[in-house]
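For the numbers below, each heavy atom of this structure counts, side chains included, while hydrogens, waters and symmetry mates do not. Proteins get letters first, then strands, A, B, ... in listed order; numbering begins at 1 in each.
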Amino acid sequence: MHVAKVIVDVPAGQIDHSFDYLIPQEWEDIIVPGIRVIVPFGPRKIQGIVVDTYMKTEETEFKLKAIDEPMDVTPVLTPELLQLANQLSEETLCFHIAALQVMLPAAMKAKYKKKVVLKSEPIPPEFLPLFQKGNIVSWEKAMELNLVPTLQRKARAKEIDFEIIYEVKEKNRKKVIKHVCLNIDRKMVDNEIDKLPPQAGKQKELLEILKNQQESIPIPELTKDYGISTATIRSLADKGIVKHLDVEVYRNPFEHKEFKRTEPLPLTAEQQKAIIPILKSVEEQSYESFLLYGVTGSGKTEVYLQTIQEVLKKGQEAIVLVPEISLTPQMVDRFKGRFGDQVAVLHSGLSIGEKYDEWRKIHRKEVKVVVGARSAIFAPFENLGVIIIDEEHESSYKQEENPKYHARDVAKLRGAYHQCPVILGSATPSLESFARAQKGVYTLLELSRRMNDRDLPSVEIVDMREELRSGNRSMFSTKLVELLQNRMEKKEQSVLFLNKRGYSSFVMCRDCGYVMNCPNCDLSMTYHRASSEMKCHYCDYRALVPTTCPECTSTYIRYFGTGTQKVEEEIARLFPEARVIRMDVDTTGRKGAHEKLLSAFERGEADILLGTQMIAKGLDFPNITLVGVLSADTMLHLPDFRASEKTFQLLTQVSGRAGRHEKPGEVVIQTYTPEHYSIELSGSQDYLAFYQKEMITRKQFQYPPFYYLTLINISHEEVMKAASIAENITSYLEKNLSSSSIILGPVASPIARINNRYRYQCLVKYKREPELTKHLKKIVHQFQEDKRNNGVYVSVDVQPYVLM
DNA sequence: AGCACGCCGACT
DNA sequence: GTCGGCGTGCTC
């Protein structure tokens with residue numbers, strides 16, 4: 001008898017191991033590792049994933065329950081991915097099921113339904129409202145009508161008999177289109193047409209169409225193109241001449257889009273030089289990491305494209321990761337244009353069903369290339385030839401929920417498994433990556449010149465303190481106003497960039513300084529114009545906008561810094577004739593709105609594009625000759641050791657938007673701290689100088705890439721409890737880690753309370769700590785599951801990006 | 001996590 | 001004497 005090791009869909013510490021189940025004989029060929037199954041678990045039925053199988057002797061056989069049924073015909077996870085899930089759960093300290101689940105499209109997550117089945121007759125009168133439509137009803141309905149206790153009582157008294165059943169459902173079904181096809185022999189069709197009465201013209205017409213068609217015809221096509229109604233089809237179906245048929249289709253998010261085929265462009269000398277070692281690695285099938293450091297507009301994408309071309313020639317597959325925010329239609333166009341139908345696209349803009357379809361194309365080997373955001377790194381390819389991570393420095397490659405993985409680390413594991421190159425591309429590499437390239441861990445490849453030798457835009461840094469001193473209190477410097485005016489006259493386009501953070505809109509009393517805070521969290525609440533209410537971003541608490549100050553009853557209370565909206569108003573005041581497109585959460589919320597706004601701007605329907613982070617990337621329009629950064633330093637002062645790096649990267653990215661084509665570009669960066677090196681050096685676009693300067697700071701303050709980090713978060717409803725557990729954890733680490741490691745804390749988190757839970761943290765900095773994972777596991781188990789610590793929550797983030 | 005089981009106080 | 005509150009322990 002075969003036995004399957006199954007990881008079940010229960011995210012809990014005590015359940016985080018495999019459970020053994022017998023494989024029923026009839027499924028023995030189907031149930032192999034990587035198959036999803038439905039298994040009995042206690043009284044219920046749940047989804048699980050088979051991770052291993054083995055043969056077992058009789059003695060233990062009777063103790064095991066059997067698998068109910070498989071949910072797949074072929075494995076949804078390869079042996080490689082199953083093993084990768086193990087590594088992930090080990091390294092990021094997440095549950096096995098979480099690591100497995102992150103590799104599958106959301107549509108495959110099970111949904112559970114609990115139902116009540118009445119097994120005895122007749123139905124007692126008090127249950128009639130419940131069992132109106134038969135003897136099976138949902139548990140929710142039984143609860144709603146408050147009949148569950150009565151059911152239990154009656155069953156105990158043996159007056160009735162009922163059962164609770166548990167169902168496992170797939171969240172998403174395959175999309176089908178109803179088709180019609182002949183139900184009789186093709187040769188008999190003429191015969192049938194003759195038999196039909198003369199007035200059945202439409203029916204005859206339909207049969208004629210079907211006669212000349214080898215395959216079935218979709219009903220929508222029949223009604224639209226041939227004007228044949230469903231009634232016509234039905235009457236023929238009733239006669240048994242035609243039949244209905246469900247044909248599975250892919251949802252196609254690019255249905256109405258034509259992709260212009262592109263041919264490989266001739267490479268510049270620099271590109272040529274960069275691609276040679278990559279192609280060598282592709283050819284030799286050796287695992288090697290490359291850092292492709294190329295200034296904005298230097299043609300990194302063409303290097304990717306031609307590398308992929310070679311990979312495809314060898315019959316291998318490619319994964320391309322792109323940050324969510326720059327997965328724009330332009331980006332998709334470039335890959336679809338070169339590789340056509342061989343490309344699947346995975347990004348958050350797709351519906352669950354669309355993602356599922358794209359995933360199935362990969363799974364069925366119908367595509368060879370995946371372009372996608374973070375989670376596309378888990379694409380179930382089995383013959384990978386290259387992994388490319390574009391904009392490698394982007395923090396969106398780190399997932400902030402469990403499993404807290406970094407796509408770059410996963411890429412390296414997969415690259416090593418498949419023995420293929422991993423290419424990390426960026427104009428502003430992360431310090432970690434550049435340092436590794438310096439050390440020779442990565443092979444450094446450089447593209448130092450823009451395509452067509454276009455100059456980098458000239459950047460001017462404007463000191464806003466000076467502006468203030470000379471009496472300009474607006475958010476636009478004289479210089480920026482002047483240049484905007486100039487572009488309007490020349491009919492050229494401008495992009496205005498607002499660093500969103502620090503600009504969130506909050507309500508403050510002008511008299512006493514009262515700021516409206518969330519009652520559950522230690523944070524100020526944000527004002528939402530759309531719903532005209534105050535919201536907390538962390539716990540979903542909502543409140544009305546106050547009209548008078550709750551502290552001092554002043555009516556001089558108003559909202560501050562609405563970011564883009566406020567800037568838009570100001571532009572309207574300065575340039576009444578300007579046409580502005582605003583891009584922020586409010587205007588791009590709906591699906592496709594993002595693309596619509598961008599293409600409107602591309603068509604020249606506006607003079608100024610105003611937006612947040614989301615416009616920093618990918619934007620590549622010839623008519624943009626001016627970029628303005630309204631406030632460069634808003635994120636410089638966040639409690640984050642990467643603040644300087646992020647500022648430099650963002651400013652460099654934004655500057656790169658200007659003058660990418662024939663017309664030269666200009667950039668204006670407004671700041672209150674022009675002397676800060678991350679701002680100063682972004683002005684001269686000097687990455688190397690920034691790298692050197694920032695490395696000194698990192699070394700001095702013992703941060704990556706000189707030290708690794710691990711952050712432990714502790715939260716509890718009571719401050720004292722959180723603090724004391726944090727204290728215990730810290731002293732445990734101090735006792736057990738090497739003396740070269742630095743343990744900071746415990747301290748209250750920068751956001752000291754979320755959802756009425758007090759938060760403490762402890763930060764470990766280390767160079768070498770081989771036993772760290774072991775200790776962290778112990779901590780999570782001991783402090784999380786100790787009954788005396790009831791209600792404590794301990795979470796670990798290995799190599800964190802967010803320290804709040 | 002969910003669910004059952006079981007032991008206590010508050011009712012008919 | 002029964003109902004249902006939640007604390008405890010288990011799920012192959």
From [options], nucleotide with atom closest to [X] side chain:
X        : options                 : result
Pro11(A) : dC12(C), dA1(B), dC3(B) : dA1(B)
Gln14(A) : dG4(C), dC12(C), dA1(B) : dA1(B)
Asp20(A) : dA1(B), dG4(C), dC12(C) : dC12(C)

In whole angstrom, give the distance that lies between atom [atom1] of [X] and atom [atom2] of [N].
X         : N       : atom1 : atom2 : result
Tyr112(A) : dT11(C) : OH    : C1'   : 13 Å
Ile15(A)  : dT11(C) : CD1   : C1'   : 5 Å
Lys115(A) : dG2(B)  : NZ    : P     : 18 Å
Met143(A) : dG2(B)  : CE    : C1'   : 13 Å
Ile67(A)  : dC12(C) : CD1   : P     : 13 Å
Ile165(A) : dG2(B)  : CD1   : P     : 18 Å
Leu64(A)  : dT11(C) : CG    : C1'   : 13 Å
Asp16(A)  : dT11(C) : CG    : P     : 16 Å

Given [N], is OP1 or OP2 found less than 4.0 Å from the side-chain N or O atoms of [X]?
X         : N       : result
Lys65(A)  : dT11(C) : no
Arg153(A) : dT2(C)  : no
Lys63(A)  : dC12(C) : no

Worked check of salt bridge (Lys or Arg N to Asp or Glu O under 4.0 Å) between Arg642(A) and Glu432(A): CA-CA 11 Å; Arg642(A) 279 186 246 261; Glu432(A) 287 91 331; 2.5 Å; yes
Give [X] one of three labels, base, sugar-phosphate or nothing, depending on what nucleic acid heavy atoms sit under 4.0 Å from its own.
X         : result
Lys45(A)  : nothing
Tyr166(A) : sugar-phosphate
Phe41(A)  : base

Residue pair Arg374(A), Ile389(A): steps toward the side chain to side chain contact (heavy atoms under 4.5 Å, CB included) verdict: CA-CA 9 Å; Arg374(A) 184 177 59 227; Ile389(A) 304 188; over 6 Å; no
Centroid-centroid under 6.0 Å between Tyr801(A) and His406(A) rings: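 Yes, they do, as the ring centres are separated by less than 6.0 Å.
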NZ/NE/NH1/NH2 to OD/OE distance under 4.0 Å, Asp409(A) and Lys398(A): no
Criterion salt bridge (charged side-chain N to carboxylate O under 4.0 Å, His left out) against Glu382(A), the qualifying member of Arg364(A), Arg414(A), Lys365(A):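 With Glu382(A) as partner, Arg364(A), Arg414(A), Lys365(A) yield a single salt bridge (charged side-chain N to carboxylate O under 4.0 Å, His left out), made by Lys365(A).
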